[in-house]
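Order of the sequence lines sets the chain letters (A, B, ...), proteins ahead of strands, with each chain counted from 1.
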Number of protein chains: 2
Amino acid sequence: MENAAKTIQVLVVDDHPIVRVGIVAIINARPDMAVVAQCGTAEEAIDLFEQHHPDITLMDLRLPKMSGVDAIRTIRMRHPKACFVVLTTYEGDEDIYQAIEAGARAYVIKGMPHETLVDALRRVHAGGRFLPPMVSRALASRTPDSDLSAREREVLSLLARGETNKEIAGHLGITEATVKCHVSVILMRLQVADRTQAVVTALQRGLVHL
Amino acid sequence: MENAAKTIQVLVVDDHPIVRVGIVAIINARPDMAVVAQCGTAEEAIDLFEQHHPDITLMDLRLPKMSGVDAIRTIRMRHPKACFVVLTTYEGDEDIYQAIEAGARAYVIKGMPHETLVDALRRVHAGGRFLPPMVSRALASRTPDSDLSAREREVLSLLARGETNKEIAGHLGITEATVKCHVSVILMRLQVADRTQAVVTALQRGLVHL
DNA sequence: TGTGCAATCCGACGGAAGTCGGATTCGCGG
DNA sequence: CCGCGAATCCGACTTCCGTCGGATTGCACA
């Protein structure tokens, strides 16, 4: 049988080299875990997972090109038993929800004590989960109406670029009146009064980026 | 006289413990430099500077409560010869400008190779400066009109909260018409067409936060 | 002194934004 | 089959936003 004290093999994915150094130092300082590989992009992460089959993949969500969530989805497509711990600077609740949905078993925020990260890794390896109270609260703040339809998300992203209703109508090939209707629905779902507030809350909830 | 090979004493300020671990590991791995202290807030940074008088203070800008720029200003008030290297996740050009203005001698972005950070520290300690091309470009994108008056910044921050002209007028004790005028000036200075675009560009340039 | 410039303030007009009511399509369960 | 809700679409009405023209203050500089 397996030895219960076998070290936990971790793959580290983060686009900031400095952060990677910190994570690697923290993990390798523990006797029961070790970093087997590291990289800075989602594409490399997929390759490295195939090579090393780590026990846990520690994944940042905001990466250049392909996102961390997409990497998780891709890897879990072929390896449903793969374990993921998300480590990110605190973003909105949408990122968290997407990550959990994609199969992440823990969500740790940069700027927490080292022990939090280590705890999360150990609990996940033991088959458990780990969500800090701050994350749980963010998830609880998701009202049922807050999920937008595909079309509405499309409109919202154009809104966040500062486009007018007429411009949005041109891009989507629909009437300005229709765009206004979508905008109204978005305002209701986000519980805000006008398009500017919609953009602000969408940004801080992570519904759109930049 | 001083020994030219004397190690560079560095104070590290960053609110993310994980990032601090990475920075400390990188610096202490070089024979010519060493971390003498570290902390996660601007207030602690001021105290630690008084205690250790480091050669260089490596400072993150986005900190809880007091900002890194304010910490730089406070310390340089009493120690004009203090050297600062700013290390931050890439924000807008406003942060960069403020930091340079406050007396930072180098600006390094997280997510660059380790050697960049080490280079910056060595050059600054040798009396030089260090600005990555990305930062220089961001500074160059600052048009002369882009600096707003105090009143306009005030209006902009309320804009970014999603307030209407009437609400802003109420908060500032002026007429809605006057608010509209300020908004128009802001739009011109930021070179955008409407308030939503103004909020978006203000956020990505770091003129306002959140 | 006075002239120029920037900041702050206000009122009135045209256009954009948001609300309301209504129509169509599609899928889902009775 | 029919009803029902959700998503998508549109037109007319009201409110708000942004522009324009104009006025005042204060400060710098000749």
Side-chain angles (χ1 to χ4, degrees), chain A residues 94 97-98 101 142-205 207-208, chain B residues 94 97-98 101 142-205 207-208:
Chain A
E94 185 63 16
Y97 181 75
Q98 298 259 347
E101 189 79 2
R142 278 182 61 91
T143 67
D145 336 307
S146 68
D147 22 334
L148 309 175
S149 73
R151 196 58 154 180
E152 285 154 6
R153 251 191 299 276
E154 210 166 359
V155 172
L156 181 57
S157 72
L158 296 177
L159 262 186
R161 283 192 176 81
E163 296 195 0
T164 69
N165 289 338
K166 191 174 297 187
E167 290 170 329
I168 296 174
H171 280 173
L172 298 182
I174 56 180
T175 315
E176 185 183 351
T178 305
V179 175
K180 290 183 180 182
C181 176
H182 288 307
V183 171
S184 285
V185 175
I186 292 172
L187 299 185
M188 181 188 55
R189 295 229 204 278
L190 266 51
Q191 313 204 50
V192 295
D194 57 37
R195 58 171 52 221
T196 305
Q197 284 183 6
V199 170
V200 172
T201 66
L203 284 174
Q204 60 191 18
R205 299 186 69 155
L207 286 165
V208 294
Chain B
E94 185 63 17
Y97 181 75
Q98 298 260 346
E101 189 79 1
R142 279 182 61 91
T143 67
D145 338 305
S146 68
D147 18 333
L148 309 175
S149 73
R151 196 58 154 177
E152 285 153 6
R153 249 191 297 276
E154 210 167 358
V155 172
L156 181 57
S157 72
L158 296 176
L159 262 186
R161 284 192 176 81
E163 296 195 0
T164 69
N165 289 339
K166 191 174 298 187
E167 290 169 330
I168 296 174
H171 280 175
L172 298 182
I174 57 181
T175 315
E176 185 183 351
T178 304
V179 175
K180 291 183 180 181
C181 177
H182 288 307
V183 171
S184 285
V185 175
I186 292 172
L187 299 184
M188 181 188 54
R189 297 230 202 278
L190 266 51
Q191 314 205 52
V192 294
D194 57 36
R195 60 172 53 220
T196 306
Q197 285 183 5
V199 170
V200 172
T201 66
L203 285 174
Q204 61 189 17
R205 298 186 70 156
L207 286 165
V208 294

message = Using 0.5 Å steps for rounding, measure from the CD atom of B:Q191 to the CD1 atom of B:I186.
response = 14.5 Å
key: Distance in angstrom units between B:R153 CZ and C:dA6 P, rounded   = 16 Å
Any residue meeting side-chain hydrogen bond (donor to acceptor under 3.5 Å, both in side chains) with B:S149, in chain and number order, not counting sequence neighbours = B:E152
ask   = What integer distance in Å separates B:E154:CD from C:dA7:C1'?
value = 13 Å
key: Pairwise side-chain hydrogen bond (donor to acceptor under 3.5 Å, both in side chains) hits with a residue in residues 193-202 of chain B, at least two apart   = A:T196-B:T196, B:N165-B:R195
Sub-3.5 Å pairs of nitrogen or oxygen atoms, protein against nucleotides 23-26 of chain D:
none

task = In sequence, state the C-alpha distance, the side-chain angles, and the governing distance for A:R151 and A:I174, and then conclude on side-chain contact (heavy atoms from CB on, under 4.5 Å).
result = CA-CA 12 Å; A:R151 196 58 154 180; A:I174 56 180; 3.6 Å; yes
remark   = Tightest non-hydrogen contact, residues B:A202 and B:L156, listed as CB-CD2, 3.9 Å
query = How many Å lie between CD on B:Q191 and C1' on D:dG18, as a whole number?
reply = 17 Å
ask   = Can a side chain N or O of B:S149 be found less than 4.0 Å away from OP1 or OP2 on C:dT8?
value = yes
query = Over its full length, what angle do the end axes of the helix from C:dT1-D:dA30 to C:dC28-D:dG3 make, each axis taken from five pairs and the result rounded to 10 degrees?
reply = 30°
request  = Would you mind reading off the distance between A:L148 atom CG and D:dT8 atom C1', rounded to a whole angstrom?
outcome  = 15 Å
Verdict with supporting geometry, A:S184 and A:M188, side-chain contact (heavy atoms from CB on, under 4.5 Å) = CA-CA 6 Å; A:S184 285; A:M188 181 188 55; over 6 Å; no
message = Once side-chain hydrogen bond (donor to acceptor under 3.5 Å, both in side chains) is applied, what residue pairs with a partner in residues 169-183 of chain A remain, sequence neighbours excluded?
response = A:E163-A:H171
query = side-chain contact (heavy atoms from CB on, under 4.5 Å) between A:L172 and A:L158: does it pass, once the steps are laid out?
reply = CA-CA 10 Å; A:L172 298 182; A:L158 296 177; 4.2 Å; yes
message = For B:L187 versus B:A193, what's the shortest heavy-atom pair and its separation?
response = CD1-O, 3.6 Å
inquiry  = In whole Å, I'd like the distance from the CG atom of A:D147 to the P atom of D:dA6.
reply    = 12 Å
Contact letters for nucleotides 9-26 of chain C, in which S counts primed atoms plus P, OP1 and OP2 and B counts the base, heavy atoms under 4.0 Å = BBB-----BBB-------
key: Integer-rounded Å distance: D:dT19 C1' and B:I186 CD1   = 15 Å
note = In short, B:A160 meets B:V208 closest at the heavy-atom pair CB-CG2, 3.8 Å
inquiry  = Looking at C:dA7, I'd like to know if its phosphate oxygens (OP1 or OP2) sit under 4.0 Å from a side-chain N or O belonging to B:R189.
reply    = yes
request  = With rounding to the nearest 0.5 Å, note down the distance linking CZ in A:R153 to CG in A:L207.
outcome  = 8.0 Å
